[in-house]
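Working notes, beginning with the structure itself.
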Amino acid sequence: MNAFIGMDNFMLSNVAVDTVHGTVPESVFQMVQLTFAIITPALIVGAFAERMKFSAMLWFMAIWVTIVYAPVAHWVWAPGGWLAEMGFKDFAGGTVVHISAGIAALVLCIVLGPREGYPATPITPNSLVLTVVGTSMLWVGWFGFNAGSAGAADGIAGMAMAVTHIAPATAALTWMGIEWTRHWKPSVLGIATGAIAGLAAITPASGFVGPFGAVGIGFVSGLCCFYAATSVKHALGYDDSLDVFGVHGVGGFVGTMLTGVFAAFTFGGSGLDNGIGAQVRLQFIGAVATIVYSGILTFIIAKILDSAIGLRVSPEIESDGLDIALHNERGFTL
């Protein structure tokens with residue numbers, strides 16, 4: 001194992017029935033890690049919805065997980081990883097999952113270009129009912145990611161679960177408050193989006209902060225992600241269908257940086273090894289390294305695939321809808 005790429009358990013070569021990782025069987029640990037690995041490219045898909053070929057998406061996901069996600073996860077979480085050795089903190093994937101996916105989403109949006117008619121033609125959600133149902137499922141599922149990252153049923157897992165509820169609630173209220181103030185019309189879509197922003201932001205900090213830190217992270221992420229998904233997006237003109245960059249990329253960055261601030265005041269005395277300034281610098285180094293690595297490699301992968309098989313569907317297929325044109329199926333609508 002080295003600082004950048006780990007091969008000790010390649011193809012599960014050293015995983016047996018009685019192999020243990022910390023307090024849990026290695027087989028359980030690797031299955032949990034696979035859930036992180038698959039949810040990360042799944043986030044990216046939301047950015048280029050209705051534009052990319054299904055075949056290109058499959059190739060992209062397989063390559064991206066292998067050469068982008070896996071090395072970043074090793075840097076941050078593996079004993080001996082260069083960021084882990086420096087003291088970088090990411091409890092459950094704010095950098096590994098959300099920053100890497102958010103930057104990849106932004107790059108793909110730029111490479112693919114906007115959907116037909118965007119932004120002149122309003123493109124509204126298919127079903128706000130399904131939006132709320134999906135947000136609710138994500139919120140509950142996030143407890144498993146964040147609390148489960150403790151690897152034990154202990155006080156850290158319990159507090160991680162608590163702050164994973166407090167932060168998105170705060171972010172949802174913050175997003176709603178901004179909409180209400182600016183437009184006099186708070187929306188359920190905004191509340192749902194704010195909650196996801198808070199979940200993304202609390203992820204890196206969930207095992208290191210208490211309720212006070214969760215409120216702070218939720219408020220700042222709700223504020224920053226709102227403006228990233230509205231003002232910044234409109235100013236730059238990219239078409240991010242589900243605001244993956246604005247919510248996950250920006251939310252993950254905010255949470256990663258604020259981990260260095262609020263971990264100093266955490267419960268149980270398990271705060272920072274160094275001062276706030278030193279930890280914030282480490283957090284910044286890790287976040288920027290992930291941004292640069294994910295951004296450059298995503299661009300290279302996208303360009304190679306575009307040259308080899310093409311990334312984008314034809315205007316006719318896009319007009320008909322990918323469900324019908326590529327899969328001979330019709331999407332479910334309420």
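In what follows, residues are counted from 1 in the order of the sequence shown.
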Practice task
Measure the shortest side-chain to side-chain distance between Met57 and Phe48 over non-hydrogen atoms and say whether it is less than 4.5 angstrom.
Solution key: yes

Problem - Side-chain heavy atoms of Val313 within contact of Met52, under 4.5 Å - result: no

Practice task
Would you please indicate yes or no on a ring centroid separation below 6.0 angstrom for Phe88 and Trp82?
Solution key: no

Problem - Whether His74 side chain and Pro79 backbone form a donor-acceptor pair below 3.5 Å - result: no

Practice task
For Thr174 and Thr170, indicate whether the former's side chain and the latter's backbone hold a donor-acceptor pair under 3.5 Å.
Solution key: yes

Practice task
Would you check if the side chain of Thr35 reaches a backbone N or O of Val32 as a donor-acceptor pair within less than 3.5 Å?
Solution key: yes

Problem - Short side-chain donor-acceptor distance under 3.5 Å, Thr203 and Trp142 - result: yes

Handout entry: Donor + acceptor pair across side chains of Gln30, Glu26 (<3.5 Å)
Key = no

Handout entry: Backbone of Thr230 reached by a side-chain donor or acceptor of His234 within 3.5 Å
Key = yes

Exercise for the section: Using a 4.5 Å cut-off on heavy atoms from C-beta on, say whether the side chain of Glu179 contacts that of Phe226. Expected result: yes

Handout entry: Interatomic spacing from CD1 in Ile301 to CG in Asp306 - rounded to 0.5 Å
Key = 13.5 Å

Exercise for the section: May I ask you to test the Gln283-Lys89 pair for a side-chain heavy-atom distance under 4.5 Å? Expected result: yes

Problem - Flag for Arg115-Thr121: side-chain donor and acceptor within less than 3.5 Å - result: no

Completion exercise
CD1 (Ile300) and CD1 (Ile67) are apart, to the nearest 0.5 Å, by 8.0 Å

Exercise for the section: Say whether, by atom type as modelled, one donor and one acceptor occur between the side chain of Asp243 and the main chain of Gly246 under 3.5 angstrom. Expected result: no

Handout entry: Side-chain heavy-atom pair Ile309, Trp59 within 4.5 angstrom cut-off
Key = yes

Exercise for the section: Working to the nearest 0.5 Å, report the span between CG of Asp90 and OG1 of Thr290. Expected result: 8.5 Å

Exercise for the section: Evaluate side chain to side chain contact (heavy atoms under 4.5 Å, CB included) for Thr131 paired with Val188, printing each intermediate quantity in order. Expected result: CA-CA 9 Å; Thr131 297; Val188 69; over 6 Å; no

Handout entry: Polar side chain donor-acceptor pair, Thr298 to Trp64, under 3.5 angstrom
Key = yes

Exercise for the section: Answer yes or no: is there a side-chain heavy-atom contact under 4.5 Å between Tyr238 and Phe245? Expected result: yes

Problem - Pair Glu116 + Arg51, salt bridge at N-O below 4.0 Å - result: no

Exercise for the section: Please step through side chain to side chain contact (heavy atoms under 4.5 Å, CB included) for the pair Trp75 and Val72, ending with a clear verdict. Expected result: CA-CA 5 Å; Trp75 299 350; Val72 174; 4.0 Å; yes

Practice task
Would you kindly say whether Trp139 and His165 are connected by a side-chain donor-acceptor distance under 3.5 Å?
Solution key: yes

Problem - Validation row, ring centre Trp77 to ring centre Phe91 under 6.0 Å - result: no

Fill in the blank from the handout: CG of Asn146 to CD1 of Ile156, rounded to nearest 0.5 Å, is 13.5 Å

Handout entry: Between CG on residue Leu173 and CD1 on residue Ile191, distance to nearest 0.5 Å
Key = 8.0 Å

Practice task
Identify whether Val133 and Leu189 are in the same connected component of the hydrophobic contact network (ILVMFWY, side-chain heavy atoms under 4.5 Å).
Solution key: no

Exercise for the section: Answer yes or no: is there a side-chain heavy-atom contact under 4.5 Å between Val215 and Ile166? Expected result: yes

Practice task
Answer with yes or no whether the side chains of Ser206 and Thr164 bring together a donor and an acceptor at under 3.5 Å.
Solution key: no

Problem - Considering all heavy atoms, the nearest Ala152-Ala157 contact - result: O-CB, 3.2 Å

Exercise for the section: Measure the CE-CG distance between Met86 and Leu83 for me, rounded to the nearest 0.5 Å. Expected result: 6.5 Å

Problem - 4.5 Å side-chain heavy-atom contact, Tyr293 and Pro71 - result: yes

Problem - Verdict with supporting geometry, Phe36 and Val96, side chain to side chain contact (heavy atoms under 4.5 Å, CB included) - result: CA-CA 9 Å; Phe36 281 96; Val96 175; over 6 Å; no

Problem - Pair Ile44-Met61, side chain to side chain contact (heavy atoms under 4.5 Å, CB included): steps then yes or no - result: CA-CA 9 Å; Ile44 303 171; Met61 292 175 73; over 6 Å; no

Practice task
Please identify each residue that fulfils ring pair (Phe, Tyr, Trp, His ring centres under 6.0 Å) with Tyr69, with sequence neighbours left out.
Solution key: none

